[in-house]
Amino acid sequence: MAEEMRIVLRNYGKIDPLKIEDYLAQGGYKALEKARSMGQAALIDDVKKSNLRGRGGAGFNCGMKWSFAASATADQKYVICNADEGEPGTYKDRLIMENDPQSLLEGMAICAYAIGANQGYIYCRGEYPQVIEILNQAIDQAKAQGLLGDFDIEVRSGAGAYVCGEETALIESIEGSRGEPRFKPPFPPVQGLWAKPTIVNNVETFANIPVIVDKGGAWYADIGNPAYPGTKVFTLTGDVNNRTFFEVPTDTTIRALVFKFGGGIRGGKKFKAVQIGGTSGAFIPESLLDTQVAFDAMSAIGATLGSGATFVLDETRDLVDVSTRIAKFFEHESCGKCAPCREGTARMHELMKKLNEGKGSSKDVALLEKLGRVMSYSCLCGLGQAAPAPVLTTIKHFPADYNAKLM
Amino acid sequence: MGYTDIIARYSDKPGGLIEAFHAVQKELSYLPEEVIVEAARIFNVPVAQAYGVASFYSMFSTKARGKNIIRICESAPCHVAGAAEVVAAIEAELGIKAGESTADGSFALELTECVGQCQATPVITINGKAYLDVNPAKIREILAEYK
Ligand SMILES: Cc1cc2nc3c(=O)[nH]c(=O)nc-3n(C[C@H](O)[C@H](O)[C@H](O)COP(=O)(O)O)c2cc1C
Ligand code: SF4
Ligand code: FES
């Protein structure tokens, strides 16, 4: 059975995060030096070869994304780290930033060199004021040591909007506006922050970079599931014995997450469902637990990997109640820019509430299915597109919970 | 420092309006109308746009509220861990409902989504500081720190 393997959490518990000397003693910033000696094209090729795919949820090939920004000509380019981490049940990026902030800065500096940028931003959620302080200290230390060269990094604080995790909404927010997603294309690597070529990557994605550069893309491509290689950090919540975090290779199964690393269900109860990827993820039944926690393997069962949040529910839980809570989340977090989501999330919450209170009929369930299908393709951004997933998958896999509450 | 000075510190920062709002709120706990008007002037944007920003983000409040801001996470992991009982306990202790402030202006009580401390649910934060594995029995003691 799979064992834990720490790449992005390699220094967890081993260094004082506020002492750059500790990071340097672990070989820190050697990868940046190596990257600069490789040249930009060879560096991007090696990142491509690693087949590292974004850890923020969309799973896009990181080296490929960088190559778009590298080949764009512009007087100014930007590197942005997405540290908005708003997906409920997720705290992996916080773990990385609190315990090893320099690995993130080094990853960003390597990206800046690769694409030719001299300004970076870390957009950190407003709920993490202590992390913002750590990041600012870490940046000061790296600058004082002259490690970043002409690359400058500024930390910006979010202000409590889940949608700002979406990369174009995030860009709007750094620009000082309401965090409403933009129409794509153009994509950020071509036209992003202040209309300049911009790379947006997740914290965990950046933290992988120094190790990939150090050990080589081929080494990384060999770890875990070949289509989505490397490791992934998972945070376990709900009815498991070990409500904690793990970093495991991506060929680990969901079953191992819940029963091996999670230590099984609390209180000797039976497993009922697990939701992976945060609140926008699908609810997964027992029969699909042998799926690997890799991007495409999860898509194949109609689920997502998302942020790696893993929310486990035991046999006593009522999925209609939980999905109603989740529907409220989406109604609240919809930015309102497009009608299918603005209206759809409100109607979905209304229908779920009705069902949860025992006032709904099978007609309402059918209506939810239709509404969810329409939203999944007609909404402007990933928020509205993913919002129906918990409702649709609980209707599909756990119809008994709905039937028990029908009028 | 008056709010004009606070806002002015961010005027050179491209897109610094949100940072300026954060800084004012640290002092005043909310964003009064005159702050929004003044910020619009300093950042050279229409007042409607500055107000649009202030009203978009859930951490900003355009209404007066209590000094110590209690936020209770009600996202699914906290929900199944008993967040509703924690809400009820705080409401009873302070004599207000979620979304309200105490009459003496010392506390504001707000519901929120995940604050990223899900290793120990349910979670509340007070002025950004997280309290983990909270239950109704712990509430009185936690709030006493701020009284
Ligand atoms: C509603 C919504 C919320 C998102 N939240 C986050 C987030 O909190 N952190 C993150 O890294 N990506 C988030 N994303 C994904 C980003 O849009 C983007 O794909 C990602 O930052 C790219 O980085 P990566 O390629 O390294 O994953 C979100 C997307 C959507 C649609
Ligand atoms: S899908 Fe929802 S969150 Fe996304 S742009 Fe439309 S209204 Fe805003
Ligand atoms: S779910 Fe409540 S803190 Fe994350």
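By convention in this document, chain letters (A, B, ...) are assigned in the order of the sequence lines, proteins followed by strands, and residues within each chain are numbered from 1.
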Q) Picking from V80(B), T112(B), L17(B), which has the most non-hydrogen pairs under 4.5 angstrom with chain A? A)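 Of the candidates given, the most pairs with chain A belong to V80(B).
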Taking every non-hydrogen pair under 4.5 Å, which of [options] racks up the most with chain B?
| options | result |
| --- | --- |
| G179(A), P129(A), A309(A), G238(A) | G179(A) |
| A161(A), G89(A), C335(A) | G89(A) |
| E333(A), R125(A), K92(A) | R125(A) |

Closer than 3.5 angstrom, by distance alone: can the side chain of [X] be matched with the main-chain N or O of [Y] as a donor-acceptor pair?
| X | Y | answer |
| --- | --- | --- |
| R178(A) | G52(B) | yes |
| H332(A) | E113(B) | no |
| R94(A) | G116(B) | yes |

Q. Are side-chain N/O atoms of Y57(B) and S173(A) paired as donor and acceptor at under 3.5 Å?
A.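 Yes, side-chain donor-acceptor contact under 3.5 Å.
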In terms of heavy-atom proximity below 4.5 Å to chain B, should [X] be classed as side chain, backbone, both, or neither?
| X | result |
| --- | --- |
| T90(A) | backbone |
| F311(A) | side chain |
| I174(A) | backbone |
| V163(A) | side chain |
| Y128(A) | side chain |
| E175(A) | backbone |
| Q130(A) | side chain |

Between [X] and chain A, with a heavy-atom cut-off of 4.5 Å, which part of the residue counts as in contact: side chain, backbone, both or neither?
| X | value |
| --- | --- |
| E74(B) | both |
| T121(B) | both |
| E19(B) | side chain |

Q. Once you round to the nearest 0.5 Å, how far does CD of Q119(B) lie from OH of Y91(A)?
A.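 Interatomic distance, Q119(B) CD to Y91(A) OH, rounded to 0.5 Å: 5.0 Å.
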If you take all heavy atoms of [X] and [Y], which pair is closest and at what distance?
| X | Y | answer |
| --- | --- | --- |
| G160(A) | S58(B) | O-OG, 2.7 Å |
| G176(A) | V53(B) | O-CG2, 3.5 Å |
| T237(A) | C118(B) | CG2-O, 3.4 Å |

**Q.** Those residues that, when tested against K26(B), pass salt bridge (Lys or Arg N to Asp or Glu O under 4.0 Å) (two or more places apart)
**A.**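 If we apply the salt bridge (Lys or Arg N to Asp or Glu O under 4.0 Å) test to K26(B), skipping adjacent residues, there are no hits.
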